[in-house]
Number of protein chains: 2
Amino acid sequence: MTRRQEIMGTALGLMRKKGYLNTSMRDIASSVNMEAASLYNHIKGKEEILVDTCFGLAETLELGIKEVNDIYFNAAEKLAMAIHNHIQALTQDLNASHLFVHEWRHLSDDKRAQFIQRRDLYEKEFRDIVILGFEEGEFKDVDPKFATLTILASLNWVGEWYRPQGDMEPKEIAQKLTQFILSGLQKN
Amino acid sequence: MTRRQEIMGTALGLMRKKGYLNTSMRDIASSVNMEAASLYNHIKGKEEILVDTCFGLAETLELGIKEVNDIYFNAAEKLAMAIHNHIQALTQDLNASHLFVHEWRHLSDDKRAQFIQRRDLYEKEFRDIVILGFEEGEFKDVDPKFATLTILASLNWVGEWYRPQGDMEPKEIAQKLTQFILSGLQKN
DNA sequence: TTGGAAAACTAACAAGTGTTAGTTAGTTTT
DNA sequence: AAAACTAACTAACACTTGTTAGTTTTCCAA
C-alpha cells in the first residue's frame, strides 16, 4: 500500500465520521502521523480527495450498469442485476460511498457540474430499464422518473445502515431490495 | 413576521444551498442586512438554528404518526396515512427538511444523541405498522427493520427532487409512494 | 560512498470562523 | 422626565482553515 493510498483511506474514514468540511488537513495529517504540509507531497490538495473518490465511484457504477446492458436480459432481470451491482459498489467502501452520496455538493462548481451530469446519465440508464419493463408488458404504467428516483433512494440509503460485520451480506441486501421493489409489501 | 423568523428563514435557505458548515454567521447577517454580531440579539448562536429546526420537524413528524395510531385503521391504511403525513411535513418546508435529513450530524454531541433517539422512536412506529400488517395476514413476511429503512429512505429522498412549482403535489406524491411501496413495480 | 530524488519538516500567510464586549440611538414603560 | 428595554453598531479576540515556501532528513540506486 502506497503512502498516498494510506492517506486517502484515512481521510475517507475521517470524512465519513465528521463530514468533509469538518475534516481538516491537520486532522488527516495527524491520523497518519505527519504534518499537514507534508500531505502535499502526495496529494494536490483537499479537493483531490473528494474529486477522486466521487468520480472513482461514479466510474465503477457506470461500468456496472454497462455490464447489465451488454448482456441480454428482460427488464426484471436487468433491474435485479443493476441493483446487485449498485449495492456491491456502495457496500464495498462505505467511506467512499458517503462522499459519493452526501459530500459531492462541496465539489467546486465545474467538478460539481460534471458530477451531476454523470449522475443524471446513470439515472437515465435505470429509467430506461423501467421503461423497457413497461414496453414488455411486465411492469406497471408508473411514472418512470418518479419510480427511478424512489428506487435509487432506497439503494443509496443502504450505506446509512449497512454494517460489514452485520447479519446481512450485500448479495442478500440486493436480493431483498429487488424483491421489495418488484412486488412490494402487500400480499396479492 | 418577527425579525427572528426572518433570520431563521433566511438562514435555512442559505444552509440548504451551501450546507450548514459552509454558511457563516456573516453570510446570514448580510442576507438580512445587518452585522453578524447583531444576530445575537435574536438568536443564541449558530447551533440554535440547527437545533430548533431539527427538533421542530421531529415534533411535527411525531404528531403525525401519533395521529395515525389514534385513529383505528388496518395496517395498509395506517401506512398510507403515515406516508401522507411524512410527505406533507417534509415538503412543507424544504429548507428545514434539508437540515433535518442531512445536517443533524453536526449537532453537538448531546443534542445529536437526543435527536437520534427520537428518530429511532419514529422509525419504530413505522416498523410497528409493518409488523401489524404481517399479523393481520395482509403484508408479506419481510424483515421489518429492512423494510422500514427502505420505506423511509424513499420518503426522505423526496426532498431532493420535489419542486413546489413542479407537476406533482405532495398529496399525489404520497399516494404514488404508497402504491409503489404496497404493490411494487411488477404486474400481478 | 555519494548524488539526488522523495518525503518529511518548520514557519508563515491571508483569509475566515463563531462569539463577546462595549456602545449608541430609538422606543416603551414607569 | 427618568428608567429600562430593543436592536442595531464597531471592534476585537482567539482560533482554525487550506496552502505555499524553504529547508532538512531519509533512503535507494549507481
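Residue numbers begin at 1 in each chain, while the letters A, B, ... track the order of the sequences.
- Of the residues in residues 16-25 of chain B, those placing a heavy atom less than 4.0 Å from an atom of DNA chain C are B:Thr23, B:Ser24, B:Met25, in numerical order.
- Using a 4.0 Å cut-off between a side-chain N of Lys or Arg and a carboxylate O of Asp or Glu, A:Lys124 and A:Asp128 qualify as a salt bridge.
- Both tests pass for A:Lys46 against the ring of A:Tyr20: distance under 6.0 Å to the centre and angle within 45° of the axis.
- Residues B:Leu99 and B:Asn95 form no side-chain contact, since every pair of their non-hydrogen atoms from C-beta on lies 4.5 Å or further apart.
- Taking a 4.0 Å limit (strictly below) on heavy-atom distances, residues 35-47 of chain A reaches DNA chain D at A:Ala37, A:Tyr40, A:Gly45, A:Lys46.
- Phosphate contact (OP1/OP2 of D:dT6, side-chain N/O of B:Arg3, threshold under 4.0 Å): absent.
- In this structure a side-chain-to-backbone donor-acceptor pair under 3.5 Å is present from B:Glu136 to B:Ala75.
- Under 3.5 Å, the side chains of A:Glu48 and A:His42 contain no donor-acceptor pair of N or O atoms.
- Across all strands shown, B:Arg26 has heavy atoms under 4.0 Å from base atoms, whether or not it also approaches the sugar-phosphate.
- A:Glu138 and A:Asn74 form no side-chain donor-acceptor contact under 3.5 Å, judged by distance and modelled atom types alone.
- Put simply, the side chain of A:Ile43 does not reach to within 4.5 Å of the side chain of A:Asp52, judged on heavy atoms.
- Across the protein-nucleic acid pair, A:His106 atom NE2 and D:dG18 atom P stand 13 Å apart, rounded to whole Å.
- The aromatic rings of A:Phe115 and A:Phe55 lie perpendicular to each other, with more than 60° between the two planes, well past the 30° mark.
- Defining each end axis of the helix from C:dT1-D:dA30 to C:dT30-D:dA1 as the rotation carrying four pairs' C1' atoms onto the next four, with five pairs an end, the two axes are found to diverge by 20° to 10 degrees.
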### Task
I would like to know whether B:His86 and B:Ile65 meet side chain to side chain contact (heavy atoms under 4.5 Å, CB included); could you show each step before the answer?
CA-CA 8 Å; B:His86 191 100; B:Ile65 198 82; over 6 Å; no
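- If you measure from atom CG of A:Leu14 to atom P of D:dG18, you get 12 Å, rounded to the nearest angstrom.
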### Task
List the steps and the verdict of salt bridge (Lys or Arg N to Asp or Glu O under 4.0 Å) for A:Asp167 and B:Lys145.
CA-CA 12 Å; A:Asp167 39 25; B:Lys145 184 154 184 70; over 6 Å; no
